[in-house]
Amino acid sequence: MKQFYTGLFMYVFMATPPVRDVLESIMIMHMHMQMPLLMISGFLMAPFLTKRCPRFFDKWNGNGIPGILLFAIINLYWMIPRAMDDALTIWFVEVFKFVSLPFLAGVPLRDSWPKISNRVKNIIMVGFTTAFIGLGLLYTITPVQLCNNYLLDEQITLGWGYITMAITLFIFLIYSFLIDPSEYE
């Protein structure tokens with residue numbers, strides 16, 4: 001229950017106008033701080049929600065694949081430059097961001113991750129690593145603004161942030177392929 005209140009507090013705190021405005025004022029903070037924190041708030045609220053509606057989650061996400069697919073689709077949507085731009089200019093897209101990231105990405109991730117196999121986890125990690133490399137190159141190499149609300153320098157900074165995340169995920173994937181955790185238990 002403590003996790004739920006922590007997640008709920010994070011969610012309400014992130015939705016307050018001053019915090020929202022500060023996090024959306026810089027492109028890398030919008031993409032790599034606000035959006036993941038919204039997903040983490042849903043991730044923290046998930047155990048309470050899954051205990052309150054166990055039949056729904058067992059029926060809808062029995063093996064974890066539908067939840068992971070929903071998580072991936074929501075994340076890939078919010079990686080599109082136009083979606084990030086629309087979230088700043090159109091109010092109902094902003095509302096969709098504050099609903100979709102915690103409840104359609106964070107909650108399904110928490111419910112699905114223990115249910116899926118290590119092979120599927122690695123496939124998801126490889127997919128996101130590839131997406132991060134592609135987006136990092138897109139944001140750094142493109143000579144024009146992809147988002148009207150942010151400067152070109154901020155776009156390049158975001159691209160390097162994506163490349164850094166891709167390198168980190170790649171190192172984790174190598175680690176997970178080379179090290180067997182059962183040897184250390």
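Heads up: numbering here begins at 1 and tracks the sequence. We use all heavy atoms of the structure for the numbers below, so side chains are in, but hydrogens, waters and symmetry mates are not.
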Asks: State whether the number of non-hydrogen atoms from other residues, nucleotides or ligands found under 6.0 Å of Met29 atom CE is greater than 12.
Replies: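 Enclosed: over 12 neighbouring heavy atoms sit under 6.0 Å from CE of Met29.
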Asks: Any chance you could measure Leu70, atom CG, to Asp111, atom CG, to the nearest 0.5 Å?
Replies: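 Rounded to the nearest 0.5 Å, the CG-CG separation comes out at 11.0 Å.
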Asks: Is the closest side-chain heavy-atom distance between Gln34 and Leu101 below 4.5 Å?
Replies: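 Sidechains of Leu101 and Gln34: no contact.
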Asks: Let me confirm one number: the CG-CG distance from Leu69 to Leu76, rounded to the nearest 0.5 Å.
Replies: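 Those atoms lie 10.5 Å apart.
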Asks: What distance separates Ile163 CD1 from Leu137 CG, expressed to the nearest 0.5 Å?
Replies: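 The CD1 atom of Ile163 sits 5.0 Å away from the CG atom of Leu137.
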Asks: Got Tyr77 and Ile73 here, is their nearest side-chain heavy-atom distance under 4.5 Å?
Replies: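 With C-beta onward as the side chain, the pair stays apart.
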Asks: Can you classify the ring geometry of Tyr175 versus Phe172 as parallel (below 30°), tilted (30 to 60°) or perpendicular (above 60°)?
Replies: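 Correct class here is tilted.
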Asks: Between Gln145 (side chain) and Tyr150 (backbone), is there a donor-acceptor pair under 3.5 Å?
Replies: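 Checked: pair present.
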Asks: Check whether any side-chain N or O of Ser176 sits under 3.5 Å from a backbone N or O of Leu173 as a donor-acceptor pair, and report yes or no.
Replies: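 Judged by distance alone, yes, a pair lies under 3.5 Å.
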Asks: Let me confirm one number: the CG-CD1 distance from Leu109 to Ile40, rounded to the nearest 0.5 Å.
Replies: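 Atom-to-atom, Leu109:CG and Ile40:CD1 are 10.0 Å apart.
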Asks: Roughly how far apart are Met31 CE and Met165 CE, rounded to 0.5 Å?
Replies: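 Separation between the atoms: 9.5 Å.
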Asks: Consider side chain to side chain contact (heavy atoms under 4.5 Å, CB included). Of Met79, Met35, Glu24, which one does Met84 pass it with?
Replies: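 When Met79, Met35, Glu24 are each tested with Met84, the side chain to side chain contact (heavy atoms under 4.5 Å, CB included) holds only for Met35.
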Asks: Assess the residue pair Phe4 and Leu44 against the criterion (side-chain contact (heavy atoms from CB on, under 4.5 Å)); give the C-alpha distance rounded to whole Å, side-chain angles, the decisive distance to 0.1 Å, and a yes or no.
Replies: CA-CA 6 Å; Phe4 174 76; Leu44 291 174; over 6 Å; no
Asks: Report yes or no: do Val126 and Ile171 belong to one cluster of Ile/Leu/Val/Met/Phe/Trp/Tyr joined by side chain heavy-atom distances under 4.5 Å?
Replies: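 No: no chain of side-chain contacts under 4.5 Å links Val126 to Ile171.
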Asks: To check you understand the geometry: which heavy-atom pair defines the closest contact between Trp78 and Ser100, and what is its length?
Replies: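 Heavy atoms of Trp78 and Ser100 come nearest at NE1-OG, 3.0 Å.
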Asks: Any link between Met33 and Val19 through a network of hydrophobic side chains (Ile, Leu, Val, Met, Phe, Trp, Tyr) touching at under 4.5 Å?
Replies: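 Yes, Met33 connects to Val19 through the hydrophobic network.
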Asks: Shared ILVMFWY cluster between Val95 and Leu8, side chains joined below 4.5 angstrom?
Replies: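 Val95 and Leu8: one cluster.
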Asks: Enumerate donor-acceptor pairs with a distance under 3.5 Å from any side-chain N or O in residues 47-55 to protein atoms, sequence neighbours excluded.
Replies:
{"from": "Thr50", "atom 1": "OG1", "to": "Ala46", "atom 2": "O", "distance (Å)": "3.0"}
{"from": "Thr50", "atom 1": "OG1", "to": "Pro47", "atom 2": "O", "distance (Å)": "3.0"}

Asks: Can you name the closest pair of heavy atoms from Gly67 and Ser112 and give their distance?
Replies: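 Residues Gly67 and Ser112, closest heavy atoms: CA-OG, 3.2 Å.
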Asks: Within the 4.5 Å heavy-atom criterion, are Thr130 and Ile133 side-chain neighbours or not?
Replies: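 No, their side chains stay 4.5 Å or more apart.
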Asks: Given the rule in the side-chain contact (heavy atoms from CB on, under 4.5 Å) test, do Asn63 and Ile116 qualify, once you have shown the distances and angles that lead to the verdict?
Replies: CA-CA 7 Å; Asn63 61 1; Ile116 59 175; over 6 Å; no
Asks: Does the side chain of Leu135 come within less than 4.5 Å of Leu138's, by heavy atoms?
Replies: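 Yes; the side chains approach each other to less than 4.5 Å.
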Asks: Could you tell me whether a side-chain N or O of Gln155 sits under 3.5 Å from a main-chain N or O of Leu146, the two making a donor and an acceptor?
Replies: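 Between the backbone of Leu146 and the side chain of Gln155 there is a qualifying donor-acceptor contact (under 3.5 Å).
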Asks: Heavy atoms, side chains only, cut-off 4.5 Å: are Met27 and Thr157 in contact?
Replies: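 Side-chain contact under 4.5 Å: no.
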Asks: Is the shortest heavy-atom distance from the side chain of Glu94 to the side chain of Arg20 under 4.5 Å?
Replies: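 They are in contact (side-chain heavy atoms under 4.5 Å apart), so the answer is yes.
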Asks: Donor-acceptor check, side chain of Asp85 to backbone of Asn148, threshold 3.5 angstrom: yes or no?
Replies: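 Confirmed, Asp85 side chain pairs with Asn148 backbone.
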Asks: Would a hydrophobic clustering, with Ile, Leu, Val, Met, Phe, Trp and Tyr connected at side-chain separations under 4.5 Å, put Ile167 with Met125?
Replies: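 Each belongs to a different hydrophobic cluster.
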Asks: If you group Ile, Leu, Val, Met, Phe, Trp and Tyr by side-chain heavy-atom gaps below 4.5 Å, do Leu88 and Trp91 land in one group?
Replies: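 Yes: a chain of side-chain contacts under 4.5 Å links Leu88 to Trp91.
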Asks: Only one of Leu158, Ile156, Leu151 forms a side chain to side chain contact (heavy atoms under 4.5 Å, CB included) with Glu154, so which one is it?
Replies: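 The side chain to side chain contact (heavy atoms under 4.5 Å, CB included) with Glu154 is passed solely by Leu151 among Leu158, Ile156, Leu151.
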Asks: Please indicate whether Trp160 has more than 12 foreign heavy atoms, meaning atoms of other residues, nucleotides or ligands, lying under 6.0 Å from its CH2.
Replies: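 Check fails, neighbour count at 12 or below.
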Asks: Please assess Met14 against Leu23 for the test side-chain contact (heavy atoms from CB on, under 4.5 Å), listing each intermediate value before the final yes or no.
Replies: CA-CA 9 Å; Met14 300 276 294; Leu23 291 176; 3.7 Å; yes
Asks: Fit a plane to each ring of Phe132 and Phe128, take the angle between them on a 0 to 90° scale, and name the class: parallel (under 30°), tilted (30 to 60°) or perpendicular (over 60°).
Replies: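 Ring orientation of Phe132 relative to Phe128: tilted.
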Asks: Between atom CD1 of Ile68 and atom CD1 of Ile123, what is the distance when rounded to the nearest 0.5 Å?
Replies: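 If I round to the nearest 0.5 Å, the distance is 11.5 Å.
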Asks: Which atoms form the tightest heavy-atom contact between Ala105 and Ile74, and what is the distance?
Replies: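 In this case the closest contact between Ala105 and Ile74 is CB-CG2, 3.9 Å.
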Asks: Return yes if some donor-acceptor pair links the side-chain N/O of Lys115 with the main-chain N/O of Asn61 below 3.5 Å, else return no.
Replies: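 Yes; at least one donor-acceptor contact below 3.5 Å.
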Asks: Of the options Phe43, Tyr11, Phe98, which is the one that meets Phe103 in a ring pair (Phe, Tyr, Trp, His ring centres under 6.0 Å)?
Replies: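 Single pass found, and it is Tyr11.
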Asks: Within the structure provided, determine whether Leu104 and Phe71 are in side-chain contact (heavy-atom separation under 4.5 Å).
Replies: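 Heavy-atom side-chain distance check fails, nothing below 4.5 Å.
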